[in-house]
Amino acid sequence: MDDADADDVIDDLFAVIEDRKENLPEDSYTTSLFTHEKGENAVLEKLGEETTELILAAKDDDREELAHESADIVYHLLVLLSMKDMDVEDLRSELSKRR
Ligand SMILES: N=c1c2ncn([C@@H]3O[C@H](COP(=O)(O)OP(=O)(O)OP(=O)(O)O)[C@@H](O)[C@H]3O)c2ncn1[C@@H]1O[C@H](COP(=O)(O)O)[C@@H](O)[C@H]1O
């Protein structure tokens with residue numbers, strides 16, 4: 001996968017998250033995060049847990065687990081940005097400023 005494809009995956013995932021926020025389809029984990037009273041806390045807890053799991057995977061040199069936990073973190077991070085009415089562009093521009 002080249003960089004452009006990786007970028008598309010993140011944009012596509014963010015678009016799905018925004019769609020869940022707007023349309024609230026049933027049987028969607030993302031919807032449940034937006035609708036549950038404690039959804040934001042659940043996202044923050046997940047980010048904490050997944051970061052710990054990521055650290056353990058890195059210490060174990062477990063590349064497969066590292067990729068799995070990285071994806072979990074990116075997903076929950078994008079949900080958090082959406083909850084705060086931020087955009088994946090905010091992340092992109094912050095990263096770009098650091099070049
Ligand atoms: N990327 C994700 C994603 N990553 C994690 N999760 C969910 O987050 C929940 C908690 O994740 P955990 O990693 O804690 O769960 P776990 O795998 O049991 O725990 P560990 O293996 O990490 O210990 C699980 O129900 C996962 O399914 C995700 N749920 C959805 N997405 C994306 O969001 C899209 C829309 O999903 P829905 O809103 O459910 O339709 C999907 O097509 C995916 O692209």
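Note that ligands are numbered from 1 as they come in the structure, with each ligand's atoms numbered from 1 the same way. Not measured: the values here are computed from a predicted model.
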Shortest heavy-atom approach to atom 38 (O) of ligand 1 - which of Ala57, Ser28, Ala42: Ser28

Nearest-neighbour protein heavy atom for atom 33 (O) of ligand 1, which is reported as residue plus atom name and distance: Tyr75 CE1, 3.5 Å

For Val16, atoms of ligand 1 separated by under 4.0 Å from a heavy atom: 34 (C), 35 (C)

Under 3.5 Å donor-acceptor, Asp87 side chain and Asp90 backbone: no

Side-chain heavy atoms of Asp60 within contact of Glu65, under 4.5 Å: no

Contact check, side chains of Leu91 and Leu95, non-hydrogen atoms, under 4.5 Å: yes

Validation row: Phe34, Ser82 side chains within 4.5 angstrom (heavy atoms): yes

Over all atoms of both residues, closest heavy-atom pair of Thr31 and Pro25: OG1-O, 2.9 Å

Sub-4.0 Å heavy-atom contact, Glu69 with ligand 1: yes

Donor-acceptor under 3.5 Å (His76 side chain, Asp72 main chain): yes

Co-membership, hydrophobic cluster, residues Leu13 and Leu24, 4.5 Å side-chain: yes

Within-cut-off N or O pair, Arg20 and ligand 1, under 3.5 Å: yes

Residue portion contacting ligand 1 (non-hydrogen atoms closer than 4.0 Å) for Glu49: neither

Atom 13 (O) of ligand 1: any protein heavy atom closer than 4.0 Å: yes

Least distance between heavy atoms, Leu78 atom then Ile17 atom: CB-CD1, 3.6 Å

Atom 24 (C) of ligand 1 protein-contacted (non-hydrogen atom, under 4.0 angstrom): no

Any Lys46 side-chain heavy atom under 4.5 Å of Ile73 side chain: no

Heavy atom of protein inside 4.0 Å of atom 27 (O) of ligand 1, strictly below: no

Atom 2 (C) of ligand 1 protein-contacted, heavy-atom criterion under 4.0 angstrom: yes

Ligand-residue contact atoms, ligand 1 with Leu13, heavy atoms, under 4.0 Å: 32 (C), 33 (O), 44 (O)

Arg92 with Asp11: basic N within carboxylate O range, under 4.0 Å: yes

Is_contact(atom 18 (O) of ligand 1), protein non-hydrogen, under 4.0 Å: no

Ligand 1 versus Thr30: contacting region, heavy-atom distance under 4.0 Å: both

Beyond-backbone contact of Glu69 with Thr52, side-chain heavy atoms, under 4.5 angstrom: no

Nearest neighbour in protein (non-hydrogen) for atom 8 (O) of ligand 1: Tyr29 CE2, 3.0 Å

For Asp72, the ligand 1 atoms whose distance to one of its heavy atoms is below 4.0 Å: 4 (N), 5 (C), 13 (O), 22 (O)

Atom 21 (O) of ligand 1: nearest protein contact (heavy atom, Å): His68 NE2, 3.9 Å

Atom 41 (C) of ligand 1 within contact range, any protein heavy atom under 4.0 Å: no

Contacting atoms of ligand 1, where contact means under 4.0 angstrom from a heavy atom of Lys46: 10 (C), 14 (O)

Side-chain touch His68/Glu53, heavy atoms, less than 4.5 angstrom: no

For His76, atoms of ligand 1 separated by under 4.0 Å from a heavy atom: 8 (O)

Closest protein heavy atom to atom 20 (P) of ligand 1, given as residue, atom name and distance to 0.1 Å: Glu53 OE1, 4.1 Å

